[in-house]
Amino acid sequence: MLIAGNWKMFNGPREAGVFCRALRDADLGDVDVAVCPPYVSLAEAVQALAGTEIGVFAQNCHWEPEGAFTGEVSAPMLLELGVYGTIVGHSERRQFFGETDEGVARRVESALDQGLQVIACVGETEAEREAGETETVLRRQLSVLNADDNLVVAYEPVWAIGTGKTATPEIAQEAHALVKSLLDVPVLYGGSVRPENAAELVAQPDVDGALVGGASLDLESFAAICRAASQ
Ligand code: PGA
């Protein structure tokens, strides 16, 4: 069971240090825990969490080890900092920064090759779900990925991200079962996970953890989600 906090574009280095030092002392139950700070806060997070089991993940990673790619960061750079893994293909990257299935596949494969753990995100939009295209979309997004011991998929229905509209446990389970039938890897649920709904979501047989956005920015709620998932 993995609970990962996706901080998105929140928490600069100072706030990241304060948060991670408090996280060290928090009661997180018995689950694997990771935080995903913005690039500029990774070093601070790694330092503050040194000697703990809490992993530090980036939010994206370029496929080349170095090169003329303004604004990008590579796997060797992340590894040098002590970063353990990276999110790839988050729906906000796809929606706002034009990332495609092929680009996501390249990032995932090279991050794995270069030694990072990867959380690869998939999920349908509201329009796609309403049009009955959820399965088609998931099949398309997953068709470019290959199972790997260091790969985890996060199923994040776009309509549930930051909206307070969580997928029901039944909807999540159905999608997770499909994902697992296509790719044999652990699958996290993401989309408005809160302390109140975490337990019933992770109780589903094919839900192996959660990728938490908004609720991961508050230490108390993030710790409560971890504890709920550990029961
Ligand atoms: P949310 O975000 O928990 O704020 O809905 C989840 C995510 O985008 O990973």
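Remember, it's 1-based here, ligands and their atoms both numbered in the order they're listed. Just the heavy atoms: all of them, side chains too, but no hydrogens, waters or symmetry mates, feed the values below. Along the sequence shown, the residues carry numbers beginning at 1.
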* To do: Decide whether T166 and N197 meet the rule of one side-chain donor and one side-chain acceptor closer than 3.5 Å.
  =>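 Yes, side-chain donor-acceptor contact under 3.5 Å.
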* **With H90, the side chain to side chain donor-acceptor pair (under 3.5 Å) member among E156, Q59, Q95** =>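 Among E156, Q59, Q95, the one that satisfies the side chain to side chain donor-acceptor pair (under 3.5 Å) with H90 is E156.
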* Mind checking who shares a hydrophobic cluster with L211, ILVMFWY linked at side-chain heavy-atom distances under 4.5 Å? ->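 ILVMFWY cluster around L211 also holds L2, F57, Y84, I87, I119, V152, L188.
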* Nearest 0.5 Å, what's the CD-CZ distance between E44 and R21? ->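 Result: 6.0 Å between the selected atoms.
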* Asked: What's the spacing between S91 OG and E124 CD if we round to 0.5 Å?
  ->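 It comes to 10.5 Å.
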* V158, I171: one ILVMFWY side-chain cluster at the under-4.5 Å cut-off? ->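 In one cluster: no.
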* Write down, by chain and number, every protein residue that brings a non-hydrogen atom to less than 4.0 Å from an atom of ligand 1. =>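 Within 4.0 Å of ligand 1, protein side: N6, K8, H90, E156, A160, I161, G162, G191, S192, L211, V212, G213, G214.
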